[in-house]
**Q** 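Dropping the structure in here first, questions after.
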2 protein chains.
Amino acid sequence: MEINFRHEINGQKVITAIAQDWKTGQILMVANMNKDALQKTIETGKAHYWSTSRNSQWLKGESSGHTQEVKEILVDCDMDAVVLKVKQNGAACHEGYFSCFFRKLNTKNIENFNEEDLETILEKVFNPDDVY
Amino acid sequence: MEINFRHEINGQKVITAIAQDWKTGQILMVANMNKDALQKTIETGKAHYWSTSRNSQWLKGESSGHTQEVKEILVDCDMDAVVLKVKQNGAACHEGYFSCFFRKLNTKNIENFNEEDLETILEKVFNPDDVY
C-alpha cells in the first residue's frame with residue numbers, strides 16, 4: 001500500500017496534514033508533508049512538515065520549542081491526507097495562540113469584509129516577541 | 001481584509017477547507033474551496049467545495065444527500081485555510097464511513113507497508129452501493 005503524495009506544490013509532491021489536539025479534538029493547524037517529512041514524523045514521534053514556501057523540511061517547534069508529540073496518525077479514504085493526533089507543547093500558532101484557527105469569520109460577503117467581521121475566539125498563550 | 005486563495009491547483013486558486021463535526025470535534029474530511037465555493041457556502045449554509053480533479057464546484061451531498069450544515073467558519077492565521085464546523089447529514093465519506101479518516105496508520109516505514117498496518121477504527125454508516 002502507498003500513501004498518495006499527489007498534490008504537487010512548487011515541484012514537491014505532498015499530502016495535506018492536519019494537526020489535532022489528541023484530547024480535546026481542537027484543530028491546531030494544517031500544513032503539508034512530503035514523504036520524508038511523514039517518515040521522519042513516524043520515526044521521531046515529533047511532527048515534521050514540508051514548507052512549500054521555504055522549500056525545506058521543518059520540525060514543528062524547531063525554533064520556538066513548541067513541538068508536537070504525535071500520538072496517532074489517521075489516513076483518509078484517498079490516502080492523500082492525514083490527521084495527526086498530537087500533544088501540543090506551548091502553542092501551535094506563531095502568533096501566540098494555541099491554534100492557528102483563532103478567529104471566527106462572521107461576514108456574509110467574502111469580497112468585502114473588515115476586521116470587525118473576524119472575531120477572535122482564543123486567548124494568547126504566549127507573546128510572539130518573547131519567543132521568535 | 002481578504003481570504004488568501006494562494007494555493008494554485010490546476011490553474012484554480014483555492015484555500016484548504018477542513019470539515020469538523022460541530023459537536024464532537026471529529027474531523028470529517030479535507031477539501032479545497034475557491035472563492036465562489038466559499039461564498040456559496042456562506043450564502044446557503046451548506047458546504048460547497050471546488051473539485052480540483054473534476055474542475056468544478058461541488059455541493060457536498062449533491063448526489064448522496066449527505067450534506068453538511070455549516071454552523072461556524074474559523075479562519076487561520078495566514079487566511080489560507082478554514083475549518084467548517086458542520087452538522088453532517090448521513091456520512092462524510094463516499095466509502096460509507098462518517099469520517100474519511102476511518103483508518104489508523106500503524107506502520108513504521110512509509111515505503112513499505114500493507115493492509116494490516118491500516119487499522120479501521122470506524123463502523124460503516126451506510127453501504128455505498130445503496131447510495132451511489
Side-chain angles (χ1 to χ4, degrees), chain A residues 1-3 6-9 16-18 20-21 24-27 29-32 35-36 38-43 52-53 72-83 85 92-95 97 99-119 121, chain B residues 1-3 6-9 16-18 20-21 24-27 29-32 35-36 38-43 52-53 72-83 85 92-95 97 99-119 121:
Chain A
M1 305 208 72
E2 274 188 19
I3 301 294
R6 75 174 181 90
H7 308 295
E8 191 163 335
I9 305 182
T16 304
I18 305 162
Q20 180 182 35
D21 187 278
T24 66
Q26 185 176 14
I27 296 176
M29 57 179 278
V30 58
N32 294 288
K35 196 185 273 185
D36 284 351
L38 178 55
Q39 182 60 37
K40 206 72 188 281
T41 297
I42 290 172
E43 275 171 28
T52 55
S53 52
E72 214 171 278
I73 300 177
L74 306 183
V75 60
D76 82 340
C77 45
D78 299 329
M79 303 274 275
D80 63 1
V82 291
V83 166
K85 302 253 192 181
C93 186
H94 69 288
E95 294 197 20
Y97 298 93
S99 164
C100 292
F101 296 92
F102 59 87
R103 290 170 300 185
K104 201 170 133 185
L105 183 64
N106 291 327
T107 186
K108 286 285 166 211
N109 184 354
I110 210 65
E111 295 279 8
N112 181 21
F113 67 99
N114 55 44
E115 199 99 32
E116 292 157 32
D117 297 315
L118 286 178
E119 180 186 343
I121 53 170
Chain B
M1 305 208 72
E2 273 188 19
I3 301 294
R6 75 174 180 90
H7 307 295
E8 192 164 335
I9 305 182
T16 303
I18 305 162
Q20 180 182 35
D21 186 278
T24 67
Q26 185 176 14
I27 296 176
M29 57 179 279
V30 58
N32 294 288
K35 196 185 273 185
D36 283 351
L38 179 55
Q39 182 60 37
K40 206 72 189 280
T41 297
I42 290 172
E43 275 171 28
T52 55
S53 52
E72 214 171 278
I73 300 177
L74 306 184
V75 61
D76 82 340
C77 45
D78 298 329
M79 304 274 276
D80 64 1
V82 292
V83 166
K85 301 255 193 180
C93 186
H94 69 288
E95 294 197 21
Y97 298 93
S99 163
C100 292
F101 296 92
F102 59 87
R103 290 170 301 185
K104 201 170 132 184
L105 183 65
N106 290 326
T107 186
K108 286 285 166 211
N109 184 355
I110 210 65
E111 295 279 7
N112 181 20
F113 67 100
N114 55 44
E115 199 99 33
E116 292 158 30
D117 297 316
L118 286 178
E119 180 187 342
I121 53 170

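Within every chain, numbering begins at 1; the chains are lettered A, B, ... in the order of the sequence lines, protein sequences first and strands thereafter.
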**Q** Side chain from CB out, backbone as N, CA, C, O: work out which of these in A/Val30 comes under 4.5 Å of a heavy atom of chain B, or both, or neither.
**A** side chain

**Q** Under a 4.5 Å heavy-atom cutoff, which of B/Leu105, B/Asn106, B/Asn112 has the most pairs with chain A?
**A** B/Leu105

**Q** With a 4.5 angstrom heavy-atom cut-off, which part of A/Ile3 approaches chain B: side chain, backbone, both or neither?
**A** both

**Q** With respect to chain A, which residue among B/Glu119, B/Met79, B/His7 yields the maximal number of heavy-atom pairs within a distance under 4.5 Å?
**A** B/Met79

**Q** Name the member of B/Gly25, B/Ala81, B/Cys100 that forms the most heavy-atom pairs with chain A at distances under 4.5 Å.
**A** B/Cys100

**Q** Apply side-chain contact (heavy atoms from CB on, under 4.5 Å) to A/Glu43 and B/Lys108, showing your working.
**A** CA-CA 7 Å; A/Glu43 275 171 28; B/Lys108 286 285 166 211; over 6 Å; no

**Q** Spell out, as yes or no, whether a donor-acceptor pair under 3.5 Å connects the side chain of B/Arg103 to the backbone of A/Leu74.
**A** no

**Q** Does the A/Gln20 side chain pair with the main chain of B/Gln26, one donor and one acceptor, at a distance under 3.5 Å?
**A** no

**Q** I'd like to verify something: which residue of B/Ile18, B/Ile121, B/Thr16 has the highest number of heavy-atom pairs under 4.5 Å with chain A?
**A** B/Ile18

**Q** For A/Leu38, is it the side chain, the backbone, both or neither that has a heavy atom under 4.5 Å from a heavy atom of chain B?
**A** side chain

**Q** What verdict does the side-chain contact (heavy atoms from CB on, under 4.5 Å) test give for A/Ile73 and B/Lys104, after you've listed the backbone C-alpha separation in whole Å, the side-chain angles of each residue and the deciding distance to 0.1 Å?
**A** CA-CA 6 Å; A/Ile73 300 177; B/Lys104 201 170 132 184; over 6 Å; no

**Q** More than 12 non-hydrogen atoms from neighbouring residues, nucleotides or ligands closer than 6.0 Å to CD on B/Glu116, yes or no?
**A** no

**Q** Taking the side chain as every heavy atom from C-beta outward, state whether A/Met29 and B/Asp76 have any atom pair closer than 4.5 Å.
**A** no

**Q** Where does A/Asn109 contact chain B at under 4.5 Å (heavy atoms): side chain, backbone, both or neither?
**A** both

